[in-house]
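Every chain is numbered from 1, with letters handed out A, B, ... down the list of sequences.
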Amino acid sequence: MKRHLLSAADLDLGDATLILDTAAQIDAALAGREVKKLPTLRGRTVVNLFFEDSTRTRISFELAAKRLSADVINFAAKGSSVSKGESLKDTALTLEAMGADAIVCRHSASGAPHRLAEWVQGSVINAGDGTHEHPTQALLDAYTIRRRLGRLDGVRVTIVGDVLHSRVARSNVLLLDTLGAQITLVAPPTLLPVGIGSWPVEVSYDLDAVLAKADVVMMLRVQQERMNASYFPSAREYSRRYGLDARRMAVLPEDAIVMHPGPMNRGMEIAAEVADSVRSTIVEQVSNGLSVRMAVLYLLLGGDSK
Amino acid sequence: MPAAPLHAESVDPRARTVLDSSAIGRIIDRIAHEIIERAGDEHLPELTLLGIPTRGGPLADRLAQRIAVFTEGGTGLVPVGTVDITLYRDDLRSRGVRPLSATRIPDGGIDGRHVVLVDDVLYSGRTVRAALDALREVGRPRVVQLAVLIDRGHRELPIRADYVGKNLPTSAREQVRVRLTEIDGTDEVVVR
Amino acid sequence: MTSLWLIRGVRPYGEDPVDLLLRDGAIAEVGVGLVAKDAEVLDAGGLIALPGLVDLHTHLREPGREDAETVQTGSRAAALGGFTAVHAMANTDPVADTAGVVEQVWRLGREAGLVDVAPVGAVTVGLAGTQLAELGAMADSPARVRVFSDDGFCVADPALMRRALEYVKAFDGVIAQHAEEPRLTQGAQMHEGVLSARLGLAGWPSVAEEAIIARDVLLAAHVGSRLHVCHVSTRGSVDIVARAKADGVAVTCEVTPHHLLLTDEYVTGYDPLFKVNPPLRTADDVDALRAGLADGTIDAIATDHAPHAMEDKECEWAMARPGMLGLEQALSVAVEAMIETGLLDWRGLADRMSVRPARIGQLDGHGQPLEVGRPANLVLVDPDVRRVVSSADLASRARNTPYAQRELPARVVATFLRGRPTVLDGKAQR
């Protein structure tokens, strides 16, 4: 496995499977235990470097690192030297001097973790960069699918929404393709990137046409502000054409599941009754995220990183 | 591509077999008897065997089978599980990451139980220490004992086995290979 | 001041070797076995002589960003690259939108004395795209401005562009358009295509350039003006210019060295050294640009030399400023892209890097043939060496070359500006 996890494309089938298997073993090892703590990364330092607010992702990484007994430093850009104009490089060199073994980086600029990786010795884990990627989200999604459906190879996954701006979609397309899933992207044409023809996916503009053949429906968050940039005319029209409501959910095959990376816009891309249904894995995804991130930290940091 | 020999090591002229299949079978029988005897009638029902992966797992299974035979099923089946110690190792930095194995704690847990840890080779003692750390997180047994197929010496911690199949003096340069049918297709212990 | 140089055995345009005698700023004699008492002799066996290169598009950053480049350091980089004249773009701070600023830049160039610095005047006040700058005053100043550009920004307002094209006819000026429809490139970070989709960077579509060029050639035709298009970067742009030229429109255009060599594949590592505007395009665009330059649709190679301070490049891609250094490697890149591919011969290269840019910029003393009586502005090139570019060795104050660690052919051995060496043995003389 590579030293950094910057993109889901960094993982081949063997790496991805190893991470998912490791997460499953960690889940089993901790199942039913009162003290959910392992000594594995004692003495290692994990820095959460968050240039963009994301409480849920930060907490998930923080808890994952703490359950492996690593020392965790939360370095939020707001109120720190970064907001006083310190450059990414200076921040990187500072963290390096402090002996960070891993830096979990969230940034609004695509590629920022790639830059970081050039300046530090430790492992860099991309926790979401701009409109590029969010590989651990894809891993936890794959883990959730495998737990629910028992397999990934040949599973038909439909991803719906703002693919253009979605790092979740990018990472999921790469990872799920590696793992053998068949992917269909559904969105209004304005929210699909130019060049999507080169992706290993089917593309549809019509949600109703694909639902009956979906084992997994993954709904992406759609930001209201896209409306102002004319990506679609109104929230109501978007919801009517691309939202997942009870009527559409009824069309899904019997065992199909509904996923959402959160945070949800209830009533926009997903109806409340769908989000709260038994098909929904949304809460599971959160707890699976913890196991998957523990697995990633273990596999990247367990070895001699120097 | 030409086919490689399946067990290249077995044709290594320096390798010598120290235990064969029947010797391993006799040792397992003996340890099973010793466990029964040491536990006594009072604690035999509390017995739980936990194998340390990889090869401690099948050894624990075999011990449980023999114990059931020797007690004529009088105590019911002995609960058997595994406890993976990978996440408790203290040598990650030097030895690197290895894949995790399954941890299976038998129903009912280990609180108050008479636990026997089972492993193939006792060497530095670090694996056993890690297993004790792992057990502590799982519950609080009444007693923990250790059974190993081979004790090759070179301890780095104050740890000893309660049941030893064979004491095998080795040099640190030598490798002790335990092969078990369930995993390796054959039963033998080889030193190179 | 007198100067006398005898250059022995040099091959003008890569043709048969001759001797050149440079006297008092002009080429005094051309022939075989020339002798001249008291002349300084330069043995140029194996070297190729070309007319001194002329850059239509240089950012010298002074005034305002002297930490990135000054007229002095930029002039040295230019001379080392074989240039004898450069056009200094107007996006300085303050903007070169008045006679005062262009005259200051022009004077700084004279003081540096390594190349002729021809200031470009801004088209609109403050490059803001709303009100015409005092174009006439800049034209009449000692800087004699003839090229006007808001480069960095597009003159997007079609009415304003029309007026600018018309107005500069009075002093035979030319508008050099940075063709970029701003509404199509909001937040744009790289060429829009397969890679931008994968890298999650907002796309800069080719059509944003092509739409403006199409509009502008129509405008230029309508008002009968001359139009120059900066840094064309797409196949579509080449096609539009070719069609306009065939229709008799007075349009010229330039291409940068980096658009002749590099593609958007270089963005993959998110290193902002490869961030530039217009962005690096696809291999297909590179092919079209080379072909367009070869057949004359594209008139000139212009460097768009854009020095940036370290902190503006050692950062996140989106935060980085666009632009790359170009002066010192332009000729080498041109040799690799055009000569080694057989698309141009040395005479053709001289046409695109000296003759035509001098004509577009109306620099009378430059871009002249290597003949007796012509100004002695020339460059001597060793075509046979290959060198690995080291950013530490650059004369520019900035370090943002995209060619670091890359091996490139050819080396500028000497540059002469009006008969005096500005570069000898690959070293700047001032």
Side-chain angles (χ1 to χ4, degrees), chain A residues 4 6-9 51-52 77 82 85-93 105 107-119 124 126 128-135 162-171 173-174 185 191-201 203 228-230, chain C residues 182-210 234 236 263-275 279-285 308-322 399-400 404-405:
Chain A
H4 307 292
L6 303 175
S7 160
F51 292 89
E52 194 180 65
V82 173
E86 185 176 83
S87 73
L88 180 65
K89 183 168 189 185
D90 287 334
T91 304
L93 297 180
C105 178
H107 203 296
S108 59
S110 299
H114 293 69
R115 300 293 287 155
L116 201 57
E118 289 170 28
W119 298 321
V124 175
N126 182 359
D129 62 329
T131 53
H132 178 224
E133 282 211 46
H134 193 354
D162 184 0
V163 175
L164 179 61
H165 299 97
S166 174
R167 49 195 175 206
V168 175
R170 274 177 187 72
S171 287
V173 166
L174 290 166
L185 301 179
L191 290 176
L192 291 167
V194 165
I196 200 160
S198 67
W199 291 16
V201 298
V203 173
N228 304 327
S230 294
Chain C
R183 289 285 295 146
L184 287 173
T185 57
Q186 281 185 345
Q189 297 294 330
M190 70 173 293
H191 172 65
E192 182 167 71
V194 169
L195 274 170
S196 64
R198 195 180 93 205
L199 296 173
L201 292 170
W204 200 128
S206 298
V207 64
E209 174 174 309
E210 293 153 3
T234 75
T263 66
D264 58 349
E265 289 283 343
Y266 285 87
V267 180
T268 306
Y270 294 97
D271 186 338
L273 283 178
F274 299 102
K275 181 169 175 175
L280 298 178
R281 305 285 187 186
T282 66
D284 178 62
D285 293 304
H308 285 298
M310 200 77 101
E311 62 268 24
D312 291 324
K313 284 293 187 182
E314 281 199 329
C315 60
E316 300 87 329
W317 180 276
M319 283 67 168
R321 287 174 186 267
R399 290 287 168 264
N400 55 305
Q405 312 309 322

(request) Heavy-atom distances under 4.5 Å only: say whether A/His165 touches chain C with side chain, backbone, both or neither. (result) neither
(message) Measuring from atom NZ of A/Lys89 to atom CE of C/Met310, what distance do you get when rounded to the nearest 0.5 angstrom?
(response) 7.0 Å
(request) Sort A/Glu133 into side chain, backbone, both or neither according to what part of it lies under 4.5 angstrom from a heavy atom of chain C. (result) neither
(request) Tell me, for C/Glu311 versus chain A, whether the close heavy atoms (under 4.5 Å) come from the side chain, the backbone, both or neither. (result) neither
(message) Donor-acceptor pair, distance only, cut-off 3.5 Å: does the side chain of C/Arg198 make one with the backbone of A/Trp199?
(response) no
(request) Could you have a look at C/Cys315, C/Ala318, C/Pro205 and say which one has the most heavy-atom pairs with chain A under 4.5 angstrom? (result) C/Cys315
(message) Please check: side-chain N/O of A/Ser110 versus main-chain N/O of C/Gly200, any donor-acceptor pairing under 3.5 Å?
(response) yes
(message) To the closest 0.5 Å, what do you measure between CG (A/Asp129) and OH (C/Tyr270)?
(response) 5.5 Å
(request) Might you point out which heavy atoms bring A/Thr131 and C/Leu201 nearest each other, and give the distance in Å? (result) OG1-N, 4.4 Å
(message) Quick check: do C/Glu316 and A/Ser108 have side-chain heavy atoms less than 4.5 Å from each other?
(response) no
(request) Kindly give the heavy-atom pair with the smallest separation between C/Leu199 and A/His132, and that separation in Å. (result) O-CD2, 3.2 Å
(request) Against chain A, work out which of C/Gly269, C/Ala197, C/Gly193 has the most heavy-atom pairs shorter than 4.5 Å and name it. (result) C/Ala197
